[in-house]
Amino acid sequence: MKKTSVLLSSLMLLGVLSACSGNNTSNAPAPSTTPSTENSGGTTPGTAEPAQPDSSANASAEETKITNNKKLVTGLYNDVLNSHKLDQAEQYLAEGYVEHHPAAANGREGFAAYYAALFQKNADYKVNVRGMLGQGDLVAVFTEPAAPAGSSADTATQASSAPMVDMYRIADNKIAEHWSVTAANLSGSEKSADLLPAASTEAVVADTPRATVAANANFVKNFYDAFFNSHNADAAKEAVSDNVIQHGSGIANGRDALTSHYLTEFRAHADSTAIVTNVIAEGDLVLVYSQMQNSADDRGNAVVHIFRVENGQIAEMWTLSQPVPEKSPNDNTMF
């Protein structure tokens with residue numbers, strides 16, 4: 001009887017311990033699932049934490065998406081803009097196409113009307129594609145328009161030295177949205193070949209690891225916010241190469257020249273801001289599209305900055321800027 005009692009007590013004790021163990025397991029805190037943000041929001045840039053490498057399947061799917069997006073945009077240039085076949089535009093543009101170009105109306109109809117007038121005025125109008133960048137659902141195209149036939153030498157020079165950056169958002173295999181910036185007020189000493197970075201014109205993806213591309217984009221965004229919004233000129237000390245090369249900004253080469261120029265600007269316009277619309281990174285290039293304003297009452301400029309990142313620093317910069325007009329045929333603004 002005593003042995004039976006001891007046995008029952010042991011079995012009861014094991015049951016209690018087992019129940020307690022089960023409760024501890026079910027009540028343990030779950031692993032953190034807080035997503036990491038692409039931009040830390042900090043006001044001082046630094047070397048971005050390396051992104052976790054994509055699995056081969058994810059990387060392959062992302063590259064396929066970018067390649068297909070570039071092919072779609074290339075088709076628009078070849079079949080519509082350079083062949084002047086506006087009846088084929090609906091193959092490339094979504095039904096609800098959103099236009100941010102400050103001289104074109106919204107939708108497919110606005111696109112067709114704008115280019116019909118342009119083709120009528122310039123029968124030999126062509127667009128020279130200088131390069132493309134793709135990331136996610138965005139594709140940026142670097143172009144310069146060919147000089148119209150019969151134009152004067154001055155007009156031809158002006159046309160061939162007016163670089164443009166067009167940005168397209170693709171959804172469901174159609175172009176759903178478009179932004180555009182044309183460089184304005186360029187000096188005659190600037191050569192068109194120097195006004196846009198070298199990038200592939202083919203519908204391919206640079207072989208830079210996706211983790212490196214993401215880290216470059218995050219690094220540049222943090223610098224951009226610290227420098228242009230927080231007016232932290234010291235941000236350039238680590239983020240910008242001592243011998244940074246400038247294109248199209250009117251600023252001399254070198255970090256000291258960049259810092260000196262913007263310190264003067266920040267003192268003159270203490271409320272200036274740069275509101276970012278798009279960021280597109282591929283290879284060693286990061287494109288940032290923003291509205292830069294001296295004050296809240298200022299329409300400002302649509303600005304494309306393109307940064308080349310080398311050894312963890314900004315080694316080269318390209319700047320295209322276009323004043324925001326007072327009126328536009330569409331209500332979408334340039335941003």
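For clarity, every value in this text was computed on a predicted model and none was experimentally measured.
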Please tell me if the side chains of [X] and [Y] come closer than 4.5 Å, counting only heavy atoms from C-beta onward.
X      : Y      : result
Val141 : Val73  : yes
Leu258 : Val240 : yes
Val304 : Thr319 : no
Met132 : Thr74  : yes
Asn243 : Asn253 : no
Thr67  : Val204 : no
Val205 : Arg210 : yes
Met292 : Ser321 : no

Could you verify whether a donor N or O on one side chain and an acceptor N or O on the other, from [X] and [Y], lie under 3.5 Å apart?
X      : Y      : value
Gln246 : Ser249 : yes
Thr143 : Tyr77  : no
Asn69  : Asp137 : no
Asn229 : Asp225 : yes

Out of curiosity, [X] [atom1] to [Y] [atom2], how far, rounded to the nearest 0.5 Å?
X      : Y      : atom1 : atom2 : value
Asn216 : Lys221 : CG    : NZ    : 12.0 Å
Lys85  : Asn78  : NZ    : CG    : 10.5 Å
Glu109 : Glu99  : CD    : CD    : 12.0 Å
Gln88  : Asp79  : CD    : CG    : 5.0 Å
Gln291 : Ile275 : CD    : CD1   : 5.5 Å
Leu320 : Ile306 : CG    : CD1   : 6.0 Å

Main-chain N/O of [Y] paired with [X] side-chain donor or acceptor, under 3.5 Å:
X      : Y      : answer
Asp298 : Gly300 : yes
Thr333 : Phe335 : yes
Ser328 : Pro102 : yes
Arg169 : Glu177 : no
Ser200 : Glu202 : yes
Lys174 : Glu90  : yes
Asn301 : Val303 : no
Lys126 : Asn82  : yes

Is it the case that more than 12 heavy atoms not belonging to [X] sit under 6.0 Å from its [atom1] atom?
X      : atom1 : result
Asn173 : CG    : no
Gln91  : CD    : yes
Asp331 : CG    : no

Decide side chain to side chain contact (heavy atoms under 4.5 Å, CB included) for Phe223 and Asn232; before the verdict, give the C-alpha distance in whole Å, the side-chain angles of both, and the deciding distance to 0.1 Å.
-> CA-CA 9 Å; Phe223 164 74; Asn232 179 9; over 6 Å; no

Which heavy-atom pair separates [X] from [Y] by the least distance, and what is that distance?
X      : Y      : value
Phe227 : Ala233 : CE1-CA, 3.9 Å
Val80  : Phe119 : O-CZ, 3.9 Å
Ser290 : Val276 : CB-CA, 3.9 Å
Glu144 : Arg130 : OE1-NH1, 3.5 Å
Ser180 : Asp166 : OG-OD1, 3.1 Å
His84  : Leu81  : CD2-O, 3.2 Å

[X] bridged to [Y] by N-O distance under 4.0 Å:
X      : Y      : result
Glu310 : Arg308 : yes
Lys70  : Glu282 : yes
Glu95  : Arg108 : no

Side-chain heavy atoms nearer than 4.5 Å, only ILVMFWY residues, links allowed to pass through others: does that put [X] and [Y] together?
X      : Y      : value
Ile314 : Val286 : yes
Tyr289 : Val213 : no
Val127 : Met164 : no
Leu138 : Val98  : no

Check ring pair (Phe, Tyr, Trp, His ring centres under 6.0 Å) between Tyr168 and all other residues, then give those that pass, not counting sequence neighbours.
->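 Partners of Tyr168 under the ring pair (Phe, Tyr, Trp, His ring centres under 6.0 Å) test: His178.
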
If the plane angle is over 60° it's perpendicular, under 30° parallel, otherwise tilted; pick one for Phe266 and His231.
->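 Geometry flag for His231 against Phe266: parallel rings.
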
What residues form a salt bridge (Lys or Arg N to Asp or Glu O under 4.0 Å) with Asp242, not counting sequence neighbours?
->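 Expected list: Arg255.
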
Can you pull the ring pair (Phe, Tyr, Trp, His ring centres under 6.0 Å) pairs that have at least one residue in residues 87-112, sequence neighbours excluded?
->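 Every pair satisfying ring pair (Phe, Tyr, Trp, His ring centres under 6.0 Å) with a residue in residues 87-112: His100-Trp179, His101-Tyr114, Phe111-Tyr115.
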
Could you walk me through whether Ile245 and Trp318 pass side chain to side chain contact (heavy atoms under 4.5 Å, CB included), step by step?
-> CA-CA 9 Å; Ile245 301 170; Trp318 292 262; over 6 Å; no

Identify the residue among Thr273, Val324, Asp271 that makes a side-chain contact (heavy atoms from CB on, under 4.5 Å) with Gln293.
->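 Single side-chain contact (heavy atoms from CB on, under 4.5 Å) partner of Gln293 among Thr273, Val324, Asp271: Thr273.
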
Between Met317 and His247, does a side chain to side chain contact (heavy atoms under 4.5 Å, CB included) hold up when you go through it step by step?
-> CA-CA 6 Å; Met317 294 175 59; His247 303 275; over 6 Å; no

Stepwise, does the ring pair (Phe, Tyr, Trp, His ring centres under 6.0 Å) test hold for Phe228 with His305?
-> CA-CA 12 Å; Phe228 291 112; His305 285 106; 5.4 Å; yes

